[in-house]
Structure formats: C-alpha cells, structure tokens
**Student:** 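Just passing along the structure, written as structure tokens.
Just so we're on the same page: letters track the sequence lines, and every chain starts at 1.
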Protein chains: 4
Amino acid sequence: MTARRRPRQERSQQTVDRIVAAGVRVLAQHGYQHASTNRIATEAGVSPGSIYQYFADKDAIVAEITRRLVDEFAAALTPALRRAASRPRGEATRVVIEAVLDALGQHADLLRAIVDRIPQAEQVATLQDVRTRLSDAIFNLFLIQGIDADEDALTRATWMIVEVSEHLTIRYVLDAPAIAREDFVADLERVIEGLTPTPR
Amino acid sequence: MTARRRPRQERSQQTVDRIVAAGVRVLAQHGYQHASTNRIATEAGVSPGSIYQYFADKDAIVAEITRRLVDEFAAALTPALRRAASRPRGEATRVVIEAVLDALGQHADLLRAIVDRIPQAEQVATLQDVRTRLSDAIFNLFLIQGIDADEDALTRATWMIVEVSEHLTIRYVLDAPAIAREDFVADLERVIEGLTPTPR
Amino acid sequence: MTARRRPRQERSQQTVDRIVAAGVRVLAQHGYQHASTNRIATEAGVSPGSIYQYFADKDAIVAEITRRLVDEFAAALTPALRRAASRPRGEATRVVIEAVLDALGQHADLLRAIVDRIPQAEQVATLQDVRTRLSDAIFNLFLIQGIDADEDALTRATWMIVEVSEHLTIRYVLDAPAIAREDFVADLERVIEGLTPTPR
Amino acid sequence: MTARRRPRQERSQQTVDRIVAAGVRVLAQHGYQHASTNRIATEAGVSPGSIYQYFADKDAIVAEITRRLVDEFAAALTPALRRAASRPRGEATRVVIEAVLDALGQHADLLRAIVDRIPQAEQVATLQDVRTRLSDAIFNLFLIQGIDADEDALTRATWMIVEVSEHLTIRYVLDAPAIAREDFVADLERVIEGLTPTPR
DNA sequence: TATGAATGAGGATTCATTCAT
DNA sequence: CATGAATGAATCCTCATTCAT
C-alpha cells in the first residue's frame, strides 16, 4: 500500500504533490540513502510531521514517485500505441520506439532518480508491474499477428525483446551517447525484428 | 587505491579475506544501505576496528569486492578469448558468450550483490573501467577484422553491443529466466551479428 | 554563526539553555576532550539528537558558551566603564579593574571551563574578538588622553597592558592566591600606570 | 611516575628519544586530542607496542615531553643566573630576562606544543613544579637582598612577578608581536622593578 | 625486546518517526 | 490538519591499549 489516505481536498493534493516533487529533486541530487525525509520536508516547504499524514514511511514516497513515473509514461505512450496498431509491423515498431524515447526524455530527471539512484533490488514493486504488463502486451501481439511458434520460443523472444528495449532506451536517454537518434532507432528496430519469431 | 596497508603476515591476509567475504554476504543479504560496517565486522568474526586497518572506509570494501569480481571474471575469460581468436567469426562470438556466462555464473552471488544491491550511480570506478576496456577491445576487433565502416557507425555498434551483451548476460545469469542456455546464446549471437557493421 | 536554527517556541529556548548549561558543567568537570556530546546530552536531560537541532557540531556548543561568557562579561562591565569615564586617570583604572574582577568572579565556573579546559589554540574566534576590541579600546584611550608617544610605543604599551591585565585578573579569580583584593588591585594599577606611555 | 623503565642501553635510549621527538612533532601539528599514539608511533618509525615498553600511557609521553622542555630550559638558564648573581639588581634582572627569551626561543616548537596545544588543567604536574621552584628562588632572592617587607607583601610580589614574567615572555616568544626585543625587555624589567617590594 | 595485528568501548553525528500543542 | 521539537537507535569511524608471535 502506498498512500495512507487518498486526499480529496485540493490543499491536501497540493501538499502531496509538493512532497513528491521535492522527493524527486532530493533523490536526484542526493541519492536514495541521503534523501532524508527531513530534507524532503524542508525542500517541500512542509513540516516533517506532515509527510506522515500522507505517506506511511519513506519508502512510500519513493513508491509514489515510481508510480507517477509509470503512469505518466503510460499516458504518454498510449496514443502512439493506438497509432501503431494500424501500421505495418516494421513501421509500428519504429513508431513505438520513438514514442518511448519521447516519453522517457520528458521525465529524464524522474527516471534518473529512480533508475540510477535506487538499487535494482529495491525498485521492484511498481516497476516489475510495468515490465509484466509490457511482456503481456508483446506476447499478445505475437499471438495476434499469427506468429505461433512454440510457446517457449515466444516466451524467450518476449523476454529478450523486453530486456533489450527497456535497457537500451533508458540508457540512450540517460547516458546520451554520441549516436544520432534515427540511427539508434533503426538499430533497435533491426534488433527487435531479428528477435521476433518467424511465423511457421 | 583501496587498501590502507598491504598486509604482510598471513593472518592479515586472512582477515582481509574474511572481511571481503562477509561484505559480499551482507551486501547480498541486506543490500548496500543496510550493510553496516558493524554488521560486516560481526559477520566476519572481527572487531569493527579491524576493518579500518585494511580499508579506508565502507566504500573501500565495496570497491575491493568489485575489484575482485572484475579480476576473477577477467581471469575466467582469458582462455576463452584466446581460444576464440582462432575460430571463424560466428563461432568465436559463441565461444565468448559461453565463457562470459560461465564466468558470471561462477560469481553469481558477488554479481548480484553489486549489480542489484548498489545504486548504479555509486557503482564504482572499477566497473566503468571494465566497460571501457570492453568497448576498446570490441572497437579494435572491428578494425582488425577489416570492418572499416565510418567511425560513427563503429562507435555506435560498439556501444550497442556492449550495452546489450552486458545487460542480457547479467540478467540471464541473475534472473534465470525459463530459457534454454543454447537458445539464449544463439539469440544473443544473432543480435550481435546483426549489430556488427558489414565491411564495405 | 553558531545556531542551526533560531528557535521560536519557548520549549526550544529552554532546551538550548539546558544544553549550554550542561555544556558548562561537563566542560568544567571533565575538560574539553572528555566533554562528549552524549555526556552533555545526558547531563542536559535531552536526547543526543536534540543537540544537533540547535548546534552544528560539538564545537558550536563551546562557541556558544564562549559567546555567552563574553556577552555577560561585557554587560557586567559596561556601567563601570561609564562611571570610570568621569574619574581622574588613576581612579578610573582602579574602578575598571574592580569591575573586571567582579564580572569575572560572577562567571568563574564558565571562565574556568573555557580558559583552563580548552587548549589555547582552540579557544575560539569569539575570544580573539574580545581581545581585539579590548586592544582597540585601550589604544583609543591613549589617543583621547592626548598621550601621543610614537605609534610603536603605543602599540607596545597596548599589547603589554592587555596581556598583563587579562592574565593577572583571570589567574587571580581562578587561582585565588592568598592576596588581599585591594593589594592586588593596587599592584595591577601600578603596573598599568608604569606601562602607560607618558605624554610628551 | 613517568617512564616505565629508565633504559640504559643505547638503542633503547634512541627509541625513547625518537618517540619523544615524534610526540613533539605530532602534538605541534595535530594538537593534543588528535595526537594519537598510533600516529606518534608511525612518525617515530616504531611499532605501537614499543611505545608501551617505555611509557605507561599516552599522558606519560606528554609528561616526558614537558619534563624535557623544563630540563633544557633550566640548563639553558643556569649560566645566566650565575652571571646575574654578580650584577647590580637592575642589570641582573635584564640578564635573566634575556636568557629566558633565548631559552624559550630555542624550544619554541616544544613550547607551543605544550602551552598552546594542551589544556592548562592538564599541564599541571611538571610545569607546576617549575613555577614552584621559580617562586621559591625569587622569594629567597628577596630575602637575600635584605628586602624584608612583611611576608604577605613578599608572597604577593612573588606571585605577581612569576605570573607576569612567565606569561609575557612566553607570549612574546610564541606570538611574536611587533615589538623590538630591547623595548620588551626594558618594559618587563620596569614592571618587575615596580613590583619588587622596597626595603624598609 | 620488538612487532603489528587485533581489539572494543566510545565518540560525533544522522534520520525515520512520534506526539504534544 | 499542521507543526516542529524531540527522540534514540543506529551509523561510521577512532584510538589507547593488549598480546601472540
């Protein structure tokens, strides 16, 4: 469970927002271990006690931050996915990749705060969710497209595509290697294509 | 440098080893933030003060752990690299991947302690080193094999191959997805092949 | 600056006062090096953490103690200085000496804690300040009284008078030698008189 | 008690000397509280354990340092005192002051290490000795010179002269104020003269 | 005697959390 | 609801001292 109470009043909502925003800033600047609740409270212009009106403990703040990243990411992605549905396979892949890069880029700070500042093993909960949903989506996509290789092959392809895509897009956004975006997209598309099982 | 003093007596070496071993266990079990020096000392059967005979501070222990992982990994890999040198390209790739999986698998605990338990942003200099050396090696390999596409393409291919290979092999070893090893190797080989620039 | 936050509530002020008071007692009893923050906290009936609500570190407590001593000393001295202004030189000197002895005597414990328990080299900025202000005052007094020997002589006289007066009054108060106060005052007055440059 | 054993063998004596010398350096550089025995041992090129062959504890080192300062100071002073015996009063005073300044100046580092780096309250033992001996000498001098004011006056004069002389000469040597030595000596001589009881 | 590895109590400081106001 | 003072266990680290070799 994340939030202690889901505040309806506007002022409360504002307080929560300010805490979360402060959390992101403090996390980005000081890292997970030095992101003390007191610092977050100060940064948010809120008393330490107030934090515990809305969050059960420190980790709940991080969980909420993650949840928001995921939500906003999903929201930013939705239209692209819809658009992709009506395109031929190769183009669809490209459209989605572009959309992912855009979405990640818009929340680079948040992303860095979570991905680079929190140990993997602690990120689990919410992020694992996303990955699962992503995997399911891709797996279903295979089925829809009539790519019915044996199940093991589909599972494998799904796993590899998810891992590669997630990792590469995140690192591309966060590390900004000296690679032109169109080249990166083309390469990634080719990799995904190569990993997609061929219909029998 | 990591060590405070380079121990001469045998007892010292044992103590250092016990501290490092305890560090790995504690890291693996409790994660970076809860890996307190006192816990490590207790786990090592050593007094807290003893740690500071050999390590400048807590991070130095982590650094040493990382260094050992890297060293042992490199050692385990060397013969395979030599063997690979005399094989045709495709087979060489496969031989190296297999060797990497073996090497990583032998130190899965260590690997998990570092990769999953320490925030990326703190993962020490030593690891960056490895990545750099790996990149250089691959880049040179391209040149040696007469693959002289333009430099940008080589840089890009290097970056993508390193990121993909590192991430996939590590996740494969640590997450043990339900994928047959030979299939995984074949897939990864294919991805790498696909990313390798074609000679003009 | 010394305080971390300037307390608004009354309770805060009380806590600060209790910490400072405990600091004085602990300093007096155990000396600077054994005046641990934990001991001070215990003596103050306060948790260790509370100290750091109001003081940046241990030295800040000492600095605050010193500041208070200096302030109270200055306050106790002011009326005497005013009274002295309207007296002939010799008597004025005597009046001031008496006032200094009174002022120091009122804070003997504090004085001992600082002067005898803290190494000279660490005796904080605040004390240097006082000495500087004292020197300036005396130097100006010379000028006002039309004692215009050459500057070197004034500087020298100032230095010697400050050193002698400070040291003798402090030691008289702290060591309580078997000397009648009126005799001590007379002697010191004579010494100061002897060190005062004669007007040309 | 200071030394654990008074070593006769040459090598032992050398070790003690090195420890003491290292103690002075470390004290001067780091101050009393940060002058750890380990640091002293390292600086002396000796093992920590060896220190405890020759000194009961850390304070014994400081005590020994103090003792040496006092001894060397006394040694440096003796001839001057002898010379002074045959001079008229005023000149004798001057000769002694000059000798004191020389003696202190030769051991400025040692002096600073002790006087400025160790809390007064901890200097007691050995230094109090010197002061006592000095007081006795002056008191006797008064008697010898037939200055037989009442005992209280002698006691008072002795106390004041000792305090003033000790403090001023030490501060003059350590703080090096912008005062010509001959002027300083003349002033101090005048002060002492003024404090000396007049024969009835 | 000398060594230096080992000790462990103790020190300064932090920070998630509570609770009286 | 909000405040912010207070808490106190836990953290990293130091250092005088001991003792097996």
Side-chain angles (χ1 to χ4, degrees), chain A residues 5 7 9 11-12 15 33-42 45-61, chain B residues 5 7-16 33-42 45-59 61, chain C residues 5 7-16 33-42 45-61, chain D residues 5 7 9 11-12 15 33-42 46-61:
Chain A
R5 53 202 318 286
Q9 294 182 12
R11 191 152 67 107
S12 299
T15 304
Q33 9 175 20
H34 300 277
S36 76
T37 51
N38 285 331
R39 241 199 275 254
I40 293 175
T42 304
V46 148
S47 74
S50 284
I51 287 185
Y52 291 85
Q53 289 287 328
Y54 301 105
F55 297 94
D57 56 20
K58 188 186 160 187
D59 284 335
I61 304 178
Chain B
R5 59 170 73 176
R8 293 221 193 93
Q9 297 185 5
E10 205 188 328
R11 187 155 64 123
S12 296
Q13 189 53 54
Q14 265 183 30
T15 302
V16 171
Q33 20 172 9
H34 299 116
S36 76
T37 51
N38 283 341
R39 233 199 277 255
I40 293 174
T42 304
V46 144
S47 79
S50 283
I51 287 184
Y52 294 88
Q53 293 263 344
Y54 303 104
F55 299 95
D57 56 21
K58 189 185 151 185
D59 284 336
I61 304 178
Chain C
R5 60 171 72 175
R8 294 224 189 90
Q9 296 185 6
E10 205 188 326
R11 187 156 64 121
S12 296
Q13 189 53 55
Q14 266 182 30
T15 303
V16 171
Q33 20 171 11
H34 298 116
S36 77
T37 51
N38 284 338
R39 233 199 277 255
I40 292 174
T42 304
V46 145
S47 80
S50 283
I51 287 184
Y52 293 87
Q53 292 264 347
Y54 303 103
F55 299 95
D57 56 20
K58 190 183 150 185
D59 284 336
I61 305 178
Chain D
R5 55 199 319 285
Q9 295 182 12
R11 190 152 68 108
S12 299
T15 304
Q33 8 175 21
H34 299 122
S36 76
T37 50
N38 285 332
R39 241 199 274 254
I40 293 174
T42 304
V46 148
S47 76
S50 284
I51 286 184
Y52 292 85
Q53 291 287 328
Y54 300 105
F55 297 94
D57 57 20
K58 189 187 160 184
D59 284 335
I61 304 177

**Student:** Among F:dC1, E:dA2, F:dA16, which nucleotide has an atom closest to any side-chain atom of D:Ser47?
**Tutor:**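 Closest nucleotide to the D:Ser47 side chain: E:dA2.
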**Student:** Can you measure from CD1 (B:Ile51) to CD1 (B:Ile40) and round to the nearest 0.5 angstrom?
**Tutor:**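 Rounded to the nearest 0.5 Å, the CD1-CD1 separation comes out at 5.5 Å.
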**Student:** Does a side-chain N or O from D:Tyr54 land closer than 4.0 Å to OP1 or OP2 of E:dA2, or not?
**Tutor:**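 So the side-chain polar atoms of D:Tyr54 do come within 4.0 Å of the phosphate oxygens OP1 or OP2 of E:dA2, strictly under.
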**Student:** In whole angstrom, what separates C:Tyr52's OH from E:dT17's P?
**Tutor:**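 Nearest whole value for this atom pair: 22 Å.
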**Student:** For A:Gly49 and for B:Ser50, find the nucleotide of DNA chain E with the closest heavy atom, then tell me which residue's nucleotide is more 5'.
**Tutor:**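 First, find each residue's nearest nucleotide; the 5'-ward one identifies B:Ser50.
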**Student:** What residues form a side-chain hydrogen bond (donor to acceptor under 3.5 Å, both in side chains) with B:Thr15, not counting sequence neighbours?
**Tutor:**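 B:Thr15 satisfies side-chain hydrogen bond (donor to acceptor under 3.5 Å, both in side chains) with no other residue.
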**Student:** Quickly work out the B:His34 NE2 to F:dC12 P distance and round it to whole Å.
**Tutor:**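 So the NE2-P distance, B:His34 to F:dC12, works out to 11 Å.
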**Student:** Reckon B:Asn38 touches a base, only the sugar-phosphate, or nothing at all at heavy-atom distances under 4.0 Å?
**Tutor:**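 The answer is base, as B:Asn38 lies within the cut-off (heavy atoms under 4.0 Å) of a base atom.
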**Student:** Would you kindly give the CD-to-C1' distance between C:Gln33 and F:dT14, to the nearest whole Å?
**Tutor:**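 Between C1' of F:dT14 and CD of C:Gln33: 14 Å.
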**Student:** What integer distance in Å separates C:Ile40:CD1 from E:dG10:P?
**Tutor:**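 Roughly 17 Å, once rounded to whole Å.
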**Student:** Any chance you could encode DNA chain E as dot-bracket? Rule is Watson-Crick or G-U wobble with both distances under 3.5 Å; [ ] for pairs crossing earlier ones, | for another strand.
**Tutor:** .||||||||||||||||||||
**Student:** On DNA chain E, check which nucleotide each of C:Pro48 and B:Gly45 is closest to and give me the residue with the more 5' one.
**Tutor:**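 The 5'-side residue here is B:Gly45.
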**Student:** Looking only at heavy atoms, which two atoms of C:Tyr52 and C:Asp57 are closest? And how far apart?
**Tutor:**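 Nearest pair, atom of C:Tyr52 first, then C:Asp57: CE2-CA, 4.0 Å.
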**Student:** With DNA chain F as reference, determine whether B:Arg39 or C:Thr15 sits nearer its 5' end, using the nearest nucleotide of each.
**Tutor:**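 Per heavy-atom nearest nucleotide, the more 5' residue is C:Thr15.
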**Student:** Please walk me through it: do B:Phe55 and B:Val16 pass side-chain contact (heavy atoms from CB on, under 4.5 Å)?
**Tutor:** CA-CA 9 Å; B:Phe55 299 95; B:Val16 171; 4.1 Å; yes
**Student:** Nearest to the A:Thr37 side chain among E:dT13, E:dT17, E:dA5, which nucleotide is it?
**Tutor:**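 Among the listed nucleotides, the one closest to the side chain of A:Thr37 is E:dT17.
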**Student:** Calculate the interatomic distance between B:Asp59 atom CG and F:dC13 atom C1'; express it in whole Å.
**Tutor:**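 Result: 13 Å.
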**Student:** Working to the nearest 0.5 angstrom, can you tell me the gap between B:Arg39 CZ and B:His34 NE2?
**Tutor:**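 Here the rounded value is 7.5 Å.
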**Student:** Taking all heavy atoms of C:Gln33 and all of C:Lys58, pick out the closest pair and write down the distance.
**Tutor:**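 Shortest heavy-atom separation between C:Gln33 and C:Lys58 comes out as O-NZ, 4.3 Å.
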**Student:** How many Å lie between CD1 on A:Ile51 and P on E:dA16, as a whole number?
**Tutor:**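 That distance rounds to 9 Å.
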**Student:** Applying a 4.0 Å non-hydrogen cut-off, can you work out what B:Ser36 is touching in the nucleic acid: base, sugar-phosphate, or nothing?
**Tutor:**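 Touches sugar-phosphate only.
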**Student:** Looking at B:Val46, is its backbone amide N or carbonyl O close enough to the side chain of B:Ser50 to form a donor-acceptor pair, meaning the two atoms are under 3.5 Å apart?
**Tutor:**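 Checked: no pair found.
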**Student:** Go through the N and O atoms of the side chain of C:Gln53 and the base of F:dA6, and report whether any donor-acceptor pair is under 3.5 Å.
**Tutor:**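 Looking at the base of F:dA6, it does pair with a donor or acceptor on the side chain of C:Gln53 (distance under 3.5 Å).
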**Student:** How many whole angstroms separate atom CG of C:Asp57 from atom C1' of E:dG11?
**Tutor:**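 Distance, rounded to whole Å: 13 Å.
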**Student:** Could you state the NZ-P distance from D:Lys58 to E:dG10, rounded to the nearest angstrom?
**Tutor:**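 That distance rounds to 17 Å.
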